[in-house]
**Student:** 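Please read through the structure below; I'll follow up with questions.
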Amino acid sequence: MKVSEILSAKGTEVMTVKPTETVETLAHRLKLARVGALVVSTDGSKPEGIVSERDVVHALSEHGRRALERTVADLMTRRVTTCKPGDRISAIAKVMTVNRIRHVPVVEDGRLIGIVSLGDVVKHRLDEIQLEADVLRDIAIAGG
């Protein structure tokens, strides 16, 4: 199974935030979109970083209310782990686990074309397991 299968099920829309936006704006956008992370991109196409709810919490812990006035660029992770549509889901799951990350932007030809979350990976795996169980049940019923 490949990343492209997750994207075909969930879509390719990716919410981005500009590095110049404030953390307060970021927090509102995360809440409204009901997502845990946004890709940081000036042009909405080329990933420059990633920023998560965890980054916001760390900034608030370190800087208090002043953190809300800081920019996304101040807290974003600049070294973004990305994947390609043809990458195997099992490989991405391993990368997420090893690096303790929950979101991996999908990039093709240097352009952002989607994002895969840990929840997407788990859902896909559960769907696979359910399909396998259904097939085995059908075989058992047919043979019985």
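Owing to the predicted nature of the structure, the values given are computational and were not obtained by experimental measurement. FYI, side chains are in, hydrogens and waters are out, and symmetry mates aren't considered; it's all heavy atoms of this structure.
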**Student:** Let me know which of T42, L30, L38 forms a side chain to side chain contact (heavy atoms under 4.5 Å, CB included) with V17.
**Tutor:**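 Option passing the side chain to side chain contact (heavy atoms under 4.5 Å, CB included) with V17: L38.
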
**Student:** About how many Å separate CD of E24 and CZ of R70, when rounded to the nearest 0.5 Å?
**Tutor:** 14.5 Å

**Student:** Is it true that V107 and V104 fall in one hydrophobic cluster, defined by side-chain heavy atoms closer than 4.5 Å?
**Tutor:**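 In one cluster: no.
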
**Student:** Side chain of S61, backbone of V57: donor and acceptor closer than 3.5 Å?
**Tutor:**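 Answer holds: no.
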
**Student:** For residues V106 and K84, report the shortest heavy-atom separation together with the two atoms involved.
**Tutor:**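 Residues V106 and K84, closest heavy atoms: CG1-C, 3.9 Å.
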
**Student:** Any chain of hydrophobic side-chain contacts (each under 4.5 Å) joining V14 to L7?
**Tutor:**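 Different hydrophobic clusters.
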
**Student:** If you measure from OG1 on T16 to CD1 on I50, what distance do you get to the nearest 0.5 Å?
**Tutor:** 11.5 Å

**Student:** Check whether D109 reaches the backbone of R111 with its side chain - one donor and one acceptor, N or O, closer than 3.5 Å.
**Tutor:** no

**Student:** Look at the side-chain heavy atoms of Ile, Leu, Val, Met, Phe, Trp and Tyr, link any pair under 4.5 Å apart, and say whether V95 and V39 land in one connected group.
**Tutor:**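 No.
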
**Student:** Looking only at non-hydrogen atoms, find the nearest pair between V80 and G49 and report the distance.
**Tutor:** CG2-CA, 3.2 Å

**Student:** Which heavy atom of S41 sits nearest a heavy atom of S45, and at what distance?
**Tutor:**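 That closest heavy-atom pairing would be OG-N, 3.2 Å.
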
**Student:** Using the salt bridge (charged side-chain N to carboxylate O under 4.0 Å, His left out) rule, pick out the option among R125, K10, R102 that qualifies with D120.
**Tutor:**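 For D120, the salt bridge (charged side-chain N to carboxylate O under 4.0 Å, His left out) test succeeds with only one of R125, K10, R102, which is K10.
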
**Student:** For the side chain to side chain contact (heavy atoms under 4.5 Å, CB included) test, which of L26, V56, T25, L60 pairs with L68?
**Tutor:** L60

**Student:** For a quick test of reading the model, state the closest non-hydrogen atom pair linking P47 to G110 and the distance between them.
**Tutor:**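 Where P47 meets G110 most closely, the heavy atoms are CD-O, 4.2 Å.
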
**Student:** Any side-chain to backbone donor/acceptor pair from T71 onto T20? Under 3.5 Å, distance only.
**Tutor:**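 No: the side chain of T71 does not pair with the backbone of T20.
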
**Student:** When rounded to the nearest 0.5 angstrom, what is the spacing between CG in L118 and CD1 in I92?
**Tutor:** 12.0 Å

**Student:** Heavy atoms only: give me the nearest E48-M76 pair and the separation to one decimal.
**Tutor:** O-CE, 3.7 Å

**Student:** Roughly how far, to the nearest 0.5 Å, is the CD atom of E62 from the CG atom of L75?
**Tutor:** 10.0 Å

**Student:** Answer with yes or no whether the hydrophobic clustering places I101 together with V51; edges join I, L, V, M, F, W, Y residues whose side-chain heavy atoms lie under 4.5 Å apart.
**Tutor:** no

**Student:** When rounded to the nearest 0.5 angstrom, what is the spacing between CD1 in I113 and CD in E108?
**Tutor:** 4.5 Å

**Student:** Mind listing the closest non-hydrogen atom pair of A73 and R78 along with its distance?
**Tutor:**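 Taking A73 first and R78 second, the nearest heavy atoms are O-NH2, 3.0 Å.
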
**Student:** Transitively linked via ILVMFWY side-chain contacts under 4.5 Å: I89 with I115?
**Tutor:** no

**Student:** Got a second to check how far M15's CE is from L32's CG, nearest 0.5 Å?
**Tutor:**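 Here the rounded value is 8.0 Å.
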
